[in-house]
Amino acid sequence: MIYNNAPGAIAPSVSPPTPIAPAAAGAPLTIPVVGIQASQGATLDALIAAGPTQLTWTSDGVGYPFGTGGLISSFSSYGLGPDLSFKPNLGAPGGGIVSTYPLGRGGVATLSGTSMASPHVAGAVALVLQAIPTAAQGRTPGIVSSAPAINMMTRLMNTAKPAALASNPALGVSDSAHRQGAGMIDVATAVQSKQFVVPGALTLGESQNGAVTRRLTLRNDATAPVTYTLGHQNAASTGGNTGTSTWVIGGTQTLPASVSYSNASVTVPARGTAAVDVSIAPNAGTTVGSIYGGFITLTPSAGGTALSVPYAGYVGDFEAIQLLRPGTNGFPWLANRTTTSWTRCTTSCSYSMVGSTGQPNFLVQLGHHARQLKLEALDAATGASRGVISDQSYLNRSSNPSTFTAWVWDGSTSMGTQPNGDYRVRISALRPLGDANNPAHWDTWTSPVLTIARP
(Lines give C-alpha, C1' and ligand atoms only; values in the text may rest on other atoms or scores of the structure.)
Protein backbone atom coordinates (compact mmCIF):
# COMPACT_ATOMS: atom_id res chain seq x y z
CA MET A 1 0.00 0.00 0.00
CA ILE A 2 1.41 3.36 -1.07
CA TYR A 3 -0.05 6.62 0.18
CA ASN A 4 0.32 10.00 -1.48
CA ASN A 5 2.64 12.69 -0.14
CA ALA A 6 0.24 15.44 -1.28
CA PRO A 7 -3.54 15.91 -1.40
CA GLY A 8 -5.43 13.86 -3.93
CA ALA A 9 -5.66 10.31 -5.22
CA ILE A 10 -2.70 8.28 -6.45
CA ALA A 11 -2.43 5.31 -8.82
CA PRO A 12 1.05 3.88 -8.15
CA SER A 13 2.90 1.05 -9.83
CA VAL A 14 5.98 -0.94 -8.92
CA SER A 15 6.67 -2.15 -12.47
CA PRO A 16 10.14 -1.30 -13.83
CA PRO A 17 10.46 1.09 -16.79
CA THR A 18 11.06 -0.28 -20.28
CA PRO A 19 14.79 -1.01 -20.40
CA ILE A 20 17.11 0.48 -23.00
CA ALA A 21 19.93 -2.01 -22.51
CA PRO A 22 19.60 -5.66 -21.44
CA ALA A 23 21.55 -4.96 -18.25
CA ALA A 24 18.70 -2.78 -17.06
CA ALA A 25 16.08 -5.46 -17.65
CA GLY A 26 14.51 -7.31 -14.76
CA ALA A 27 11.92 -9.98 -14.21
CA PRO A 28 8.33 -8.71 -14.46
CA LEU A 29 6.90 -7.78 -11.07
CA THR A 30 3.52 -9.15 -10.02
CA ILE A 31 3.16 -7.36 -6.69
CA PRO A 32 -0.39 -5.99 -6.24
CA VAL A 33 -0.41 -2.29 -5.39
CA VAL A 34 -3.04 -0.16 -3.66
CA GLY A 35 -2.89 3.63 -3.72
CA ILE A 36 -4.50 5.69 -0.97
CA GLN A 37 -4.61 9.34 0.05
CA ALA A 38 -2.17 11.10 2.36
CA SER A 39 -4.69 11.42 5.18
CA GLN A 40 -5.62 7.74 4.93
CA GLY A 41 -1.96 6.75 5.03
CA ALA A 42 -1.37 8.90 8.09
CA THR A 43 -4.27 7.16 9.84
CA LEU A 44 -2.88 3.72 9.09
CA ASP A 45 0.62 4.79 10.13
CA ALA A 46 -0.71 5.94 13.49
CA LEU A 47 -2.52 2.63 14.05
CA ILE A 48 0.62 0.66 13.20
CA ALA A 49 2.73 2.80 15.53
CA ALA A 50 0.28 2.17 18.37
CA GLY A 51 0.79 -1.61 18.31
CA PRO A 52 0.08 -4.81 16.39
CA THR A 53 -2.34 -4.01 13.57
CA GLN A 54 -4.38 -6.21 11.25
CA LEU A 55 -5.99 -5.02 8.02
CA THR A 56 -9.10 -6.87 6.84
CA TRP A 57 -10.26 -6.56 3.23
CA THR A 58 -14.02 -6.53 2.57
CA SER A 59 -16.29 -5.72 -0.35
CA ASP A 60 -17.74 -2.70 1.44
CA GLY A 61 -17.35 0.74 -0.15
CA VAL A 62 -17.11 4.11 1.56
CA GLY A 63 -17.07 7.69 0.40
CA TYR A 64 -14.25 10.09 1.24
CA PRO A 65 -13.15 13.58 0.12
CA PHE A 66 -11.09 13.49 -3.07
CA GLY A 67 -8.61 15.97 -1.62
CA THR A 68 -8.15 18.26 -4.62
CA GLY A 69 -11.69 19.47 -5.28
CA GLY A 70 -11.67 22.92 -6.88
CA LEU A 71 -7.97 22.63 -7.77
CA ILE A 72 -6.15 21.52 -10.89
CA SER A 73 -5.57 17.76 -10.94
CA SER A 74 -1.97 16.58 -10.95
CA PHE A 75 -2.45 14.82 -14.29
CA SER A 76 -3.72 17.92 -16.11
CA SER A 77 -1.65 18.78 -19.17
CA TYR A 78 0.33 21.96 -19.61
CA GLY A 79 0.26 24.34 -22.61
CA LEU A 80 1.06 26.44 -24.42
CA GLY A 81 0.46 25.16 -27.93
CA PRO A 82 3.56 24.34 -30.01
CA ASP A 83 3.12 27.70 -31.77
CA LEU A 84 2.71 29.51 -28.40
CA SER A 85 -1.04 29.78 -28.93
CA PHE A 86 -3.04 29.98 -25.70
CA LYS A 87 -3.97 26.46 -24.59
CA PRO A 88 -5.84 25.04 -22.78
CA ASN A 89 -8.88 27.35 -22.85
CA LEU A 90 -11.02 26.22 -19.93
CA GLY A 91 -11.23 23.94 -16.93
CA ALA A 92 -14.01 21.54 -16.00
CA PRO A 93 -14.51 18.83 -13.33
CA GLY A 94 -12.40 15.84 -14.30
CA GLY A 95 -10.89 14.32 -11.17
CA GLY A 96 -12.66 11.51 -9.33
CA ILE A 97 -15.96 11.76 -11.23
CA VAL A 98 -18.68 9.19 -10.49
CA SER A 99 -20.20 8.37 -13.86
CA THR A 100 -21.81 5.72 -16.02
CA TYR A 101 -19.80 2.66 -17.04
CA PRO A 102 -20.44 -0.48 -19.15
CA LEU A 103 -23.07 -2.59 -17.44
CA GLY A 104 -20.87 -5.65 -17.72
CA ARG A 105 -18.32 -3.88 -15.53
CA GLY A 106 -20.71 -2.62 -12.88
CA GLY A 107 -22.58 0.24 -14.53
CA VAL A 108 -20.95 2.92 -12.36
CA ALA A 109 -17.30 3.88 -11.82
CA THR A 110 -15.19 6.71 -10.46
CA LEU A 111 -12.91 7.93 -13.23
CA SER A 112 -10.62 10.84 -13.98
CA GLY A 113 -9.36 12.64 -17.05
CA THR A 114 -10.46 14.38 -20.22
CA SER A 115 -13.11 11.70 -20.70
CA MET A 116 -14.85 13.23 -17.67
CA ALA A 117 -14.05 16.92 -18.24
CA SER A 118 -15.12 17.03 -21.90
CA PRO A 119 -18.73 15.94 -21.23
CA HIS A 120 -18.87 18.56 -18.48
CA VAL A 121 -17.96 21.24 -21.02
CA ALA A 122 -20.51 19.93 -23.52
CA GLY A 123 -23.17 19.91 -20.82
CA ALA A 124 -22.27 23.45 -19.76
CA VAL A 125 -22.66 24.67 -23.34
CA ALA A 126 -26.03 22.90 -23.60
CA LEU A 127 -27.24 24.65 -20.42
CA VAL A 128 -26.15 28.06 -21.74
CA LEU A 129 -27.93 27.45 -25.04
CA GLN A 130 -31.06 26.27 -23.22
CA ALA A 131 -31.15 29.56 -21.32
CA ILE A 132 -29.99 31.74 -24.25
CA PRO A 133 -30.80 30.05 -27.58
CA THR A 134 -29.02 32.84 -29.50
CA ALA A 135 -25.80 32.63 -27.45
CA ALA A 136 -23.94 30.77 -30.18
CA GLN A 137 -24.63 33.60 -32.65
CA GLY A 138 -22.73 36.12 -30.54
CA ARG A 139 -25.03 39.07 -31.27
CA THR A 140 -27.61 40.87 -29.13
CA PRO A 141 -30.32 43.14 -30.64
CA GLY A 142 -29.76 46.84 -29.92
CA ILE A 143 -25.95 46.63 -29.47
CA VAL A 144 -23.89 49.00 -31.60
CA SER A 145 -22.95 47.34 -34.88
CA SER A 146 -19.23 47.82 -34.23
CA ALA A 147 -19.39 45.76 -31.02
CA PRO A 148 -17.44 42.50 -31.26
CA ALA A 149 -19.43 39.30 -31.46
CA ILE A 150 -19.20 37.13 -28.35
CA ASN A 151 -18.93 33.45 -29.23
CA MET A 152 -19.56 30.64 -26.79
CA MET A 153 -15.87 30.18 -25.97
CA THR A 154 -15.44 33.85 -25.09
CA ARG A 155 -18.57 33.84 -22.93
CA LEU A 156 -17.33 30.84 -20.96
CA MET A 157 -13.76 32.13 -20.64
CA ASN A 158 -14.79 35.63 -19.52
CA THR A 159 -16.83 34.25 -16.65
CA ALA A 160 -14.64 31.29 -15.62
CA LYS A 161 -13.10 31.24 -12.15
CA PRO A 162 -9.30 30.76 -11.89
CA ALA A 163 -8.19 28.15 -9.36
CA ALA A 164 -5.47 28.56 -6.75
CA LEU A 165 -2.07 26.92 -7.15
CA ALA A 166 -2.76 23.23 -6.45
CA SER A 167 0.59 22.60 -4.75
CA ASN A 168 0.06 25.48 -2.28
CA PRO A 169 -3.46 26.96 -2.33
CA ALA A 170 -2.70 29.30 0.58
CA LEU A 171 0.11 31.05 -1.32
CA GLY A 172 -2.25 33.53 -3.01
CA VAL A 173 -1.07 32.63 -6.52
CA SER A 174 -3.28 31.17 -9.25
CA ASP A 175 -2.34 27.92 -10.90
CA SER A 176 -0.61 28.36 -14.25
CA ALA A 177 -2.77 30.02 -16.88
CA HIS A 178 -1.23 27.63 -19.40
CA ARG A 179 -2.47 24.72 -17.34
CA GLN A 180 -5.99 25.80 -16.34
CA GLY A 181 -6.87 28.20 -19.14
CA ALA A 182 -9.35 30.85 -18.04
CA GLY A 183 -10.34 28.72 -15.04
CA MET A 184 -13.29 26.59 -14.03
CA ILE A 185 -16.49 27.03 -16.05
CA ASP A 186 -19.23 28.93 -14.16
CA VAL A 187 -22.48 28.15 -15.98
CA ALA A 188 -24.73 30.46 -13.96
CA THR A 189 -22.50 33.51 -14.47
CA ALA A 190 -22.03 32.67 -18.16
CA VAL A 191 -25.82 32.76 -18.55
CA GLN A 192 -26.43 35.86 -16.46
CA SER A 193 -23.58 38.09 -17.63
CA LYS A 194 -24.35 41.08 -19.82
CA GLN A 195 -20.74 42.27 -19.97
CA PHE A 196 -17.93 40.69 -21.97
CA VAL A 197 -14.36 41.33 -23.06
CA VAL A 198 -12.47 40.26 -26.18
CA PRO A 199 -10.17 38.63 -26.85
CA GLY A 200 -10.92 35.96 -24.26
CA ALA A 201 -7.19 35.28 -23.78
CA LEU A 202 -3.95 37.09 -24.64
CA THR A 203 -1.24 35.20 -26.50
CA LEU A 204 1.98 37.13 -25.83
CA GLY A 205 4.50 35.11 -27.83
CA GLU A 206 8.21 35.59 -27.12
CA SER A 207 9.58 38.11 -24.65
CA GLN A 208 12.99 38.95 -26.10
CA ASN A 209 11.68 42.21 -27.60
CA GLY A 210 10.34 43.53 -24.30
CA ALA A 211 6.81 44.22 -23.09
CA VAL A 212 3.90 43.20 -25.29
CA THR A 213 0.88 45.49 -25.62
CA ARG A 214 -2.57 44.15 -26.43
CA ARG A 215 -5.96 45.88 -26.66
CA LEU A 216 -8.99 44.65 -24.74
CA THR A 217 -12.46 45.64 -25.96
CA LEU A 218 -15.30 45.53 -23.44
CA ARG A 219 -18.91 45.11 -24.51
CA ASN A 220 -21.88 46.02 -22.31
CA ASP A 221 -25.27 44.58 -23.28
CA ALA A 222 -27.03 46.13 -20.27
CA THR A 223 -29.18 49.28 -20.35
CA ALA A 224 -26.92 51.11 -17.85
CA PRO A 225 -23.21 51.97 -18.06
CA VAL A 226 -20.68 49.94 -16.07
CA THR A 227 -17.29 51.14 -14.82
CA TYR A 228 -14.50 48.58 -14.50
CA THR A 229 -11.27 48.78 -12.51
CA LEU A 230 -8.40 46.86 -14.04
CA GLY A 231 -6.22 44.61 -11.90
CA HIS A 232 -3.85 41.68 -12.08
CA GLN A 233 -3.82 38.20 -10.54
CA ASN A 234 -0.44 36.51 -10.60
CA ALA A 235 -0.19 32.89 -11.81
CA ALA A 236 2.62 30.38 -11.52
CA SER A 237 5.23 30.19 -14.25
CA THR A 238 6.88 26.91 -15.24
CA GLY A 239 10.03 25.82 -16.98
CA GLY A 240 13.56 26.92 -17.49
CA ASN A 241 15.18 23.63 -16.44
CA THR A 242 15.28 20.79 -18.94
CA GLY A 243 17.67 18.62 -16.95
CA THR A 244 15.25 17.28 -14.35
CA SER A 245 12.72 14.49 -14.42
CA THR A 246 9.98 17.04 -15.04
CA TRP A 247 11.66 18.05 -18.32
CA VAL A 248 10.26 21.33 -19.70
CA ILE A 249 8.26 22.10 -16.55
CA GLY A 250 11.32 22.02 -14.30
CA GLY A 251 9.78 23.68 -11.24
CA THR A 252 7.18 26.28 -10.36
CA GLN A 253 8.03 29.97 -10.13
CA THR A 254 5.75 32.58 -8.62
CA LEU A 255 7.36 35.89 -9.56
CA PRO A 256 4.62 38.22 -10.86
CA ALA A 257 4.72 39.66 -14.35
CA SER A 258 4.89 43.42 -14.91
CA VAL A 259 1.46 44.68 -16.00
CA SER A 260 0.34 48.23 -16.83
CA TYR A 261 -2.77 49.76 -18.40
CA SER A 262 -3.53 52.76 -20.60
CA ASN A 263 -6.26 53.57 -18.05
CA ALA A 264 -6.69 52.21 -14.53
CA SER A 265 -10.47 52.15 -15.04
CA VAL A 266 -12.81 52.24 -18.00
CA THR A 267 -16.52 53.03 -18.30
CA VAL A 268 -18.49 51.00 -20.81
CA PRO A 269 -21.65 52.83 -21.97
CA ALA A 270 -25.03 51.14 -22.04
CA ARG A 271 -25.38 48.97 -25.12
CA GLY A 272 -21.89 50.04 -26.16
CA THR A 273 -18.19 49.28 -26.05
CA ALA A 274 -14.95 50.68 -24.65
CA ALA A 275 -11.29 49.72 -25.06
CA VAL A 276 -8.18 49.68 -22.91
CA ASP A 277 -4.57 48.74 -23.71
CA VAL A 278 -2.63 46.32 -21.51
CA SER A 279 1.18 46.03 -21.53
CA ILE A 280 2.73 42.86 -20.09
CA ALA A 281 6.32 41.70 -19.57
CA PRO A 282 7.69 38.75 -17.59
CA ASN A 283 9.36 39.39 -14.27
CA ALA A 284 13.08 40.01 -14.73
CA GLY A 285 13.78 37.16 -12.30
CA THR A 286 11.81 34.55 -14.25
CA THR A 287 14.11 31.92 -15.74
CA VAL A 288 14.77 32.09 -19.47
CA GLY A 289 12.91 29.22 -21.12
CA SER A 290 9.92 29.54 -18.82
CA ILE A 291 6.29 29.98 -19.73
CA TYR A 292 4.73 32.73 -17.63
CA GLY A 293 1.19 34.01 -17.29
CA GLY A 294 -1.56 35.43 -15.17
CA PHE A 295 -5.00 37.00 -15.30
CA ILE A 296 -6.16 40.53 -16.12
CA THR A 297 -9.06 41.19 -13.77
CA LEU A 298 -11.92 43.58 -14.49
CA THR A 299 -13.87 44.46 -11.37
CA PRO A 300 -17.19 46.36 -11.78
CA SER A 301 -18.03 49.25 -9.46
CA ALA A 302 -21.70 48.17 -9.46
CA GLY A 303 -24.22 46.37 -11.61
CA GLY A 304 -21.84 44.39 -13.74
CA THR A 305 -20.18 40.99 -13.93
CA ALA A 306 -16.61 40.49 -12.73
CA LEU A 307 -14.54 39.39 -15.73
CA SER A 308 -11.02 38.07 -16.25
CA VAL A 309 -8.70 37.52 -19.20
CA PRO A 310 -5.84 35.00 -18.95
CA TYR A 311 -2.52 35.66 -20.66
CA ALA A 312 0.65 33.63 -21.23
CA GLY A 313 3.94 33.94 -23.05
CA TYR A 314 7.43 32.51 -23.39
CA VAL A 315 10.51 34.00 -21.68
CA GLY A 316 13.33 34.30 -24.21
CA ASP A 317 13.87 33.36 -27.84
CA PHE A 318 11.55 30.51 -28.76
CA GLU A 319 13.61 29.61 -31.82
CA ALA A 320 16.66 29.00 -29.62
CA ILE A 321 15.14 25.83 -28.11
CA GLN A 322 17.18 22.78 -29.02
CA LEU A 323 14.98 20.03 -30.41
CA LEU A 324 17.38 17.09 -30.70
CA ARG A 325 18.33 16.73 -27.05
CA PRO A 326 20.83 14.26 -25.56
CA GLY A 327 18.67 13.66 -22.49
CA THR A 328 20.09 11.24 -19.95
CA ASN A 329 21.35 8.73 -22.53
CA GLY A 330 23.15 10.85 -25.14
CA PHE A 331 20.52 10.68 -27.86
CA PRO A 332 20.14 10.46 -30.83
CA TRP A 333 21.30 6.86 -31.18
CA LEU A 334 21.92 4.47 -33.99
CA ALA A 335 20.64 1.42 -32.14
CA ASN A 336 20.40 -2.33 -32.45
CA ARG A 337 17.22 -3.89 -31.16
CA THR A 338 16.63 -7.15 -29.39
CA THR A 339 13.17 -8.43 -28.57
CA THR A 340 13.08 -6.38 -25.35
CA SER A 341 15.59 -3.54 -25.54
CA TRP A 342 18.02 -1.41 -27.55
CA THR A 343 21.82 -1.13 -27.49
CA ARG A 344 23.75 1.79 -28.90
CA CYS A 345 25.95 1.49 -31.99
CA THR A 346 28.81 4.01 -31.88
CA THR A 347 30.90 2.58 -34.71
CA SER A 348 30.10 0.81 -37.96
CA CYS A 349 27.29 -1.71 -37.57
CA SER A 350 26.04 -4.27 -40.07
CA TYR A 351 22.37 -5.16 -40.62
CA SER A 352 20.88 -8.16 -42.37
CA MET A 353 17.56 -6.31 -42.76
CA VAL A 354 15.79 -9.53 -41.78
CA GLY A 355 13.04 -8.95 -39.22
CA SER A 356 12.80 -6.09 -36.75
CA THR A 357 15.97 -7.17 -34.92
CA GLY A 358 18.00 -7.12 -38.16
CA GLN A 359 17.18 -3.52 -39.05
CA PRO A 360 18.78 -0.28 -37.80
CA ASN A 361 16.84 1.80 -35.30
CA PHE A 362 17.19 5.49 -34.55
CA LEU A 363 16.31 6.68 -31.05
CA VAL A 364 15.34 10.33 -30.89
CA GLN A 365 14.45 12.56 -28.00
CA LEU A 366 12.67 15.82 -28.75
CA GLY A 367 13.18 18.67 -26.28
CA HIS A 368 10.16 20.44 -27.73
CA HIS A 369 7.42 19.98 -30.30
CA ALA A 370 8.83 19.66 -33.81
CA ARG A 371 7.21 21.34 -36.79
CA GLN A 372 8.82 18.70 -38.99
CA LEU A 373 11.10 15.68 -38.46
CA LYS A 374 12.88 14.12 -41.42
CA LEU A 375 15.13 11.06 -41.70
CA GLU A 376 17.23 10.90 -44.88
CA ALA A 377 19.63 8.19 -46.10
CA LEU A 378 23.05 9.32 -47.34
CA ASP A 379 25.72 7.49 -49.28
CA ALA A 380 28.49 7.02 -46.69
CA ALA A 381 31.29 7.65 -49.21
CA THR A 382 29.94 10.63 -51.14
CA GLY A 383 27.33 12.12 -48.81
CA ALA A 384 24.82 12.13 -51.66
CA SER A 385 21.17 11.72 -50.71
CA ARG A 386 19.69 8.28 -51.25
CA GLY A 387 16.18 9.43 -50.46
CA VAL A 388 13.89 10.22 -47.54
CA ILE A 389 13.16 7.47 -45.02
CA SER A 390 10.49 9.35 -43.05
CA ASP A 391 9.09 12.88 -43.13
CA GLN A 392 6.51 13.76 -40.47
CA SER A 393 4.94 16.99 -39.24
CA TYR A 394 3.80 18.22 -35.82
CA LEU A 395 5.45 15.79 -33.42
CA ASN A 396 5.12 15.97 -29.64
CA ARG A 397 8.08 16.59 -27.39
CA SER A 398 9.44 13.74 -25.27
CA SER A 399 7.87 13.53 -21.83
CA ASN A 400 11.10 13.42 -19.80
CA PRO A 401 14.90 13.14 -20.21
CA SER A 402 14.95 9.34 -20.42
CA THR A 403 12.16 8.79 -22.95
CA PHE A 404 12.59 8.55 -26.71
CA THR A 405 10.88 7.62 -29.96
CA ALA A 406 12.35 4.87 -32.15
CA TRP A 407 12.34 4.96 -35.94
CA VAL A 408 13.26 1.75 -37.75
CA TRP A 409 14.66 1.68 -41.29
CA ASP A 410 13.70 -1.28 -43.49
CA GLY A 411 16.11 -0.24 -46.25
CA SER A 412 13.60 1.60 -48.45
CA THR A 413 13.48 5.35 -49.13
CA SER A 414 11.62 7.71 -51.43
CA MET A 415 14.12 6.58 -54.12
CA GLY A 416 13.24 2.91 -53.71
CA THR A 417 14.83 -0.03 -51.92
CA GLN A 418 18.53 0.68 -51.33
CA PRO A 419 21.13 -1.92 -52.28
CA ASN A 420 23.67 -3.41 -49.94
CA GLY A 421 26.32 -0.92 -48.99
CA ASP A 422 27.42 1.71 -46.51
CA TYR A 423 25.11 4.53 -45.44
CA ARG A 424 24.61 7.25 -42.91
CA VAL A 425 21.23 8.60 -41.82
CA ARG A 426 20.69 12.29 -41.23
CA ILE A 427 17.94 13.38 -38.84
CA SER A 428 16.62 16.94 -39.21
CA ALA A 429 14.13 18.62 -36.87
CA LEU A 430 12.47 21.95 -37.69
CA ARG A 431 11.69 24.21 -34.75
CA PRO A 432 8.02 24.99 -34.04
CA LEU A 433 7.92 28.49 -35.56
CA GLY A 434 10.86 27.87 -37.88
CA ASP A 435 11.32 28.73 -41.54
CA ALA A 436 12.05 25.52 -43.45
CA ASN A 437 14.27 27.52 -45.83
CA ASN A 438 16.46 28.81 -42.99
CA PRO A 439 19.16 26.27 -42.02
CA ALA A 440 19.52 27.97 -38.61
CA HIS A 441 16.00 26.82 -37.73
CA TRP A 442 16.87 23.12 -38.13
CA ASP A 443 18.56 20.80 -35.63
CA THR A 444 20.49 18.05 -37.42
CA TRP A 445 22.36 14.87 -36.48
CA THR A 446 24.15 12.38 -38.70
CA SER A 447 24.56 8.75 -37.66
CA PRO A 448 27.68 6.61 -37.68
CA VAL A 449 28.23 4.51 -40.78
CA LEU A 450 25.86 1.56 -41.03
CA THR A 451 26.12 -1.30 -43.49
CA ILE A 452 23.23 -2.98 -45.22
CA ALA A 453 24.37 -6.57 -45.72
CA ARG A 454 21.43 -8.66 -46.81
CA PRO A 455 22.22 -12.38 -47.03
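Between L450 atom CG and Y423 atom OH the span is 9.0 Å, to the nearest 0.5 Å. Separating the CG atom in L375 from the CH2 atom in W409 is a distance of 10.0 Å, to the nearest 0.5 Å. Within the model, atoms CZ of R219 and CG of N158 stand 10.5 Å from one another, a figure rounded to the nearest 0.5 Å. Rounding to the nearest 0.5 Å places CD of Q359 at 9.5 Å from CD1 of I452. Separating the CD1 atom in I291 from the CG atom in L84 is a distance of 7.0 Å, to the nearest 0.5 Å. Within the model, atoms CG of L430 and OG1 of T444 stand 12.0 Å from one another, a figure rounded to the nearest 0.5 Å.
Side chains of L71 and P169 form a contact here, defined as non-hydrogen atoms less than 4.5 Å apart. Taking 4.5 Å as the limit, every side-chain heavy atom of T100 sits out of range of all side-chain heavy atoms of V108. The shortest distance between side-chain heavy atoms of Y3 and Q37 does not fall below 4.5 Å. The shortest distance between side-chain heavy atoms of Y311 and H232 falls below 4.5 Å. At least one side-chain heavy atom of L366 sits less than 4.5 Å from a side-chain heavy atom of L395. Looking at T347 and V449, their side chains never come closer than 4.5 Å, going by heavy atoms from C-beta outward. In this structure, the side chains of T405 and L363 stay at 4.5 Å or more apart for every pair of heavy atoms. In this structure, I2 and V34 have side chains that are not in contact, with every pair of non-hydrogen atoms separated by 4.5 Å or more.
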Would F404 and W333 count as a ring-ring contact (aromatic ring centres under 6.0 Å, His included) if you check the C-alpha gap in whole Å, the side-chain angles of each, and the deciding distance to 0.1 Å?
CA-CA 10 Å; F404 59 88; W333 281 14; 7.4 Å; no
Can you list the steps and then say if D391 with Q372 is a side-chain hydrogen bond (donor to acceptor under 3.5 Å, both in side chains)?
CA-CA 7 Å; D391 191 353; Q372 183 180 357; 2.9 Å; yes
Apply side chain to side chain contact (heavy atoms under 4.5 Å, CB included) to S99 and Y101, showing your working.
CA-CA 7 Å; S99 187; Y101 209 57; over 6 Å; no
Applying side-chain hydrogen bond (donor to acceptor under 3.5 Å, both in side chains), run through S76 and S73 and close with a yes or a no.
CA-CA 5 Å; S76 291; S73 296; 4.8 Å; no
Run the side chain to side chain contact (heavy atoms under 4.5 Å, CB included) test on R155 and I132 for me, step by step, so that the C-alpha distance in whole Å, both residues' side-chain angles and the decisive distance to 0.1 Å come before the verdict.
CA-CA 12 Å; R155 178 184 289 268; I132 311 173; 3.5 Å; yes
N361/N336 under side chain to side chain contact (heavy atoms under 4.5 Å, CB included): CA gap, chis, key distance, verdict:
CA-CA 6 Å; N361 284 255; N336 304 320; over 6 Å; no
Kindly determine whether V388 and T413 satisfy side chain to side chain contact (heavy atoms under 4.5 Å, CB included), including the steps that lead there.
CA-CA 5 Å; V388 175; T413 72; 5.9 Å; no
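Checked against ring-ring contact (aromatic ring centres under 6.0 Å, His included), Y261 has no partners two or more places apart in sequence or in another chain.
Looking only at distances, a side-chain donor or acceptor of T53 sits under 3.5 Å from a matching main-chain atom of L47. Distance alone, capped at 3.5 Å, places no donor-acceptor pair between the S118 side chain and the S115 backbone. Side-chain N or O atoms of Q195 include one that pairs as donor or acceptor with a backbone N or O of T305 at under 3.5 Å. A donor-acceptor contact shorter than 3.5 Å links the side chain of T338 to the backbone of S341. A side-chain donor-acceptor contact under 3.5 Å links Q233 to the backbone of G172. Not one N or O on the side chain of R325 forms a donor-acceptor pair closer than 3.5 Å with the backbone of Q365. Side-chain atoms of Q180 come within 3.5 Å of backbone N or O of D175 as a donor-acceptor pair. In this structure a side-chain-to-backbone donor-acceptor pair under 3.5 Å is present from T58 to D60.
Ring geometry, Y78 versus H178: the interplanar angle falls from 30° to 60°, so the pair is classed tilted.
Side-chain contact of S390 with Q392: a donor-acceptor pair under 3.5 Å is present, judged by distance alone.
Between K161 and D186 a salt bridge is recorded (basic side-chain N to carboxylate O distance below 4.0 Å). Look at E376 and R426 and you find a salt bridge, because one of the NZ, NE, NH1 or NH2 atoms lies within 4.0 Å of a carboxylate O, short of that distance.
When V128, V191, T189, T154 are each tested for a side chain to side chain contact (heavy atoms under 4.5 Å, CB included) with T159, only one passes: T189.
Annotation for A182 and F295: closest pair O-CE2, 3.8 Å, computed over non-hydrogen atoms.
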